[in-house]
Every structure is written in structure tokens, then in C-alpha cells.
Amino acid sequence: MTKRLSSAFFARPVDLVARELIGVRFLVAGVGGLIVETESYDQSDPASHCFQGRRTPGNEAMYGPPGHAYVYRSYGMHWCINFTCGNGSAALIRALEPVAGVETMVARRGVEDVRKLCAGPGRLCQALGLSRMHDGASLLRTPFELRERGAPVSVAVGVRIGITRAVDLPRRFGMRGSRFLSRGIRE
DNA sequence: ACTACGATGAACT
DNA sequence: GTTCATCGTAGTA
């Protein structure tokens, strides 16, 4: 088994962390898979919840220590999870390649197609059972398990999805050739 | 109290 | 590729 990620992994520039998260094994209570798609956000980014140091009751976790979960509700109905990297920055986890607990994920999602279990931030959170109760929790402790990638991967960089501000920034990272992305990467 | 708006997903052509 | 249902959150008053 590969090594667990340390808090130092997250205490670095968010673009680097988001890139290096590709291929990392991410489990919640034993259910999950390999991270194949991320996006980065920080205070300088007009598309970020923390743009220019903006603070709301909901985004406090992004100003907390690196290596914690920032879970927010999207469109009033989906949950999305970010890994905090300090100082109002975080990497949004957008898609996983399902590896462990596939039956559990199928039951939670109500779909059979493995490619649709974790392809998208909302789907991924539903499949892993993530919600507001995980907001602010440390990623280094139970129920989370994050392990270094076992083999090198090729990372594609493109523009982000589903935002209306700063649409041209190259802050989306994906595992090149993966069939489990929420969408193809536009490089 | 009232309103506007999504870091989406599902269904559809 | 496209449309659109849906509702919590945050901003305004």
C-alpha cells in the first residue's frame, strides 16, 4: 500500500496541489477511488467563493488550515467537496475512477453505469456519502483516507467547467486518457 | 422578508 | 451538442 498524504502535501500553491491530486486514491469510510479531475480556486480568482478575501458563514473552512474538507451546497441540491490549501484556496474534486465500494456507490447513486458514479462533483459526493457534516473535517483522519498515487500519470490542463467568471483560466486538471472525467479536457 | 443566482445533473436532440 | 428543474445561500432592505 502506498503512503498516506501528509498535511504538508496541502500546504503548497493550490494549482500544484490540484495537479498532484490527479491519481491520488481518495476513500471515505472505505468507499471511493482514484482522483481523475480537479479544479483550483483562490482569493485572486473571480470564480472563487473566496474572491478578494470574501468571507461568508459557509466558506470558513477555506480560511482554515490546509488539508481539510470544504463542503458546500451547489444549486441548492448537490454537495461538492474541496481540499483546502490554506489562505482561502482549495482544490475542487470533480471526478473519481471508482475503485473501492462500487456496490455501495451504485446503491447511493441509483445508477448502474460505473462511468456515471463519480463523474462530476455532485455525483461524487453522493456516491461517497459526503455532506455538510464533513465540512471543516481533517482529511488526514477517519473517515478519510488519501494515498499517494502508485504510478506516474499524465496530467492534462484546461479551462474550468460550469462557471461564468474567469472562464479562460487554465485551472482544470485531468488524468489524460481517463474514461471517468465529467467531460473532456479542453486544453 | 424578499430576491437573484449558481464551482450541477438529468434529460433530451 | 442543448435545455431547464430546483432550492439553499447570500445580499439587500
Side-chain angles (χ1 to χ4, degrees), chain A residues 10 13-19 21-22 24 26 33 35-64 66 68-98 105-137 139 155-175 178-187:
Chain A
F10 299 97
V14 63
D15 292 299
L16 180 62
V17 174
R19 167 184 279 275
L21 279 170
I22 302 303
V24 163
F26 174 40
I35 296 172
V36 297
E37 183 182 339
T38 62
E39 288 180 355
S40 56
Y41 292 88
D42 64 25
Q43 291 195 35
S44 72
D45 186 344
S48 172
H49 295 166
C50 295
F51 181 49
Q52 292 181 336
R54 181 172 181 271
R55 280 186 185 256
T56 66
N59 73 5
E60 278 305 310
M62 282 188 71
Y63 294 97
H68 288 245
Y70 164 47
V71 181
Y72 70 94
R73 202 185 276 278
S74 178
Y75 286 85
M77 58 192 114
H78 312 292
W79 296 104
C80 297
I81 186 170
N82 293 248
F83 294 173
T84 67
C85 297
N87 199 33
S89 70
L92 172 68
I93 310 303
R94 287 194 56 92
L96 302 183
E97 174 180 337
M105 293 192 274
V106 166
R108 286 172 175 160
R109 290 271 301 118
V111 296
E112 292 283 328
D113 188 348
V114 181
R115 282 170 60 156
K116 290 184 177 170
L117 287 182
C118 301
R123 290 166 167 176
L124 175 164
C125 283
Q126 184 179 33
L128 271 55
L130 292 165
S131 67
R132 168 57 51 76
M133 64 180 283
H134 299 96
D135 185 46
L139 297 168
V155 178
V157 185
V159 297
R160 294 173 296 186
I161 293 179
I163 55 173
T164 57
R165 330 272 247 116
V167 294
D168 292 329
L169 293 182
R171 304 194 90 174
R172 178 168 178 239
F173 306 88
M175 186 182 292
S178 173
R179 306 184 312 281
F180 299 94
L181 300 174
S182 65
R183 290 197 59 179
I185 308 274
R186 192 180 111 216
E187 296 191 68

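A, B, ... follow the sequence lines: proteins, then strands. Residue 1 opens every chain.
Ranking dG9(B), dA7(B), dA10(C) by closeness to the Leu92(A) side chain, first place goes to dA7(B). The listed nucleotides are dT8(B), dG11(C), dA7(B); the one nearest the side chain of Thr56(A) is dG11(C). Of the listed nucleotides (dT6(C), dA10(B), dT8(B)), dA10(B) has the atom at the smallest distance from the side chain of Arg109(A).
Distance CZ (Phe173(A)) to P (dA7(B)): 18 Å, rounded to an integer number of Å. The separation between Leu181(A) atom CG and dG9(B) atom P is 14 Å, rounded to whole Å. Atom pair Lys116(A):NZ and dA10(B):P shows a separation of 8 Å (rounding to whole Å applied). With rounding to whole Å, Trp79(A) atom CH2 is found 19 Å from dG6(B) atom P. Distance, Leu124(A) CG to dT8(B) P: 12 Å, rounded to whole Å. Rounded to whole Å, the distance from CZ on Arg54(A) to C1' on dC5(B) is 11 Å. When the C1' atom of dG6(B) is taken as reference, atom CE of Met77(A) falls 10 Å away, rounded to whole Å. When rounded to the nearest whole Å, the span between CE of Met62(A) and P of dA7(B) equals 12 Å.
Arg183(A) comes within contact range of the sugar-phosphate backbone alone, with a heavy-atom separation under 4.0 Å but no base atom that close. Backbone-only engagement by Arg123(A) is indicated by non-hydrogen atom pairs under 4.0 Å involving sugar-phosphate atoms exclusively.
Of all nucleotides present, none satisfies the Watson-Crick or G-U wobble test against dT6(C) with each distance under 3.5 Å. Partner assigned to dA7(B) is none, using Watson-Crick or G-U wobble distances below 3.5 angstrom.
Residue Ser74(A) places none of its side-chain N or O atoms closer than 4.0 Å to OP1 or OP2 of dA7(B). Dashed line: the shortest gap from a side-chain N or O of His49(A) to OP1 or OP2 of dA7(B) is under 4.0 Å. At dG8(C), none of the side-chain N or O atoms of Arg132(A) fall inside 4.0 Å of OP1 or OP2 (strictly under the cut-off).
Using a 4.5 Å heavy-atom threshold, the side chains of Thr38(A) and Phe83(A) count as separate. Between Ile81(A) and Phe26(A), some side-chain heavy-atom pair lies under the 4.5 Å cut-off. Looking only at side-chain heavy atoms (C-beta outward), Tyr41(A) and Arg171(A) stay at 4.5 Å or farther from each other.
Each of Tyr75(A) and Arg55(A) was assigned the nucleotide of DNA chain C with the nearest heavy atom; the assignment lying further toward the 5' end belongs to Tyr75(A). For Gly120(A) and Thr164(A), each mapped to the nucleotide of DNA chain B holding its nearest heavy atom, the one lying further toward the 5' end belongs to Thr164(A).
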Take Leu21(A) and Phe173(A) through the test side chain to side chain contact (heavy atoms under 4.5 Å, CB included) and record every step on the way to the result.
-> CA-CA 9 Å; Leu21(A) 279 170; Phe173(A) 306 88; over 6 Å; no

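Look at Asp135(A) and Arg73(A) and you find no salt bridge, because none of the NZ, NE, NH1 or NH2 atoms lies under 4.0 Å from a carboxylate O.
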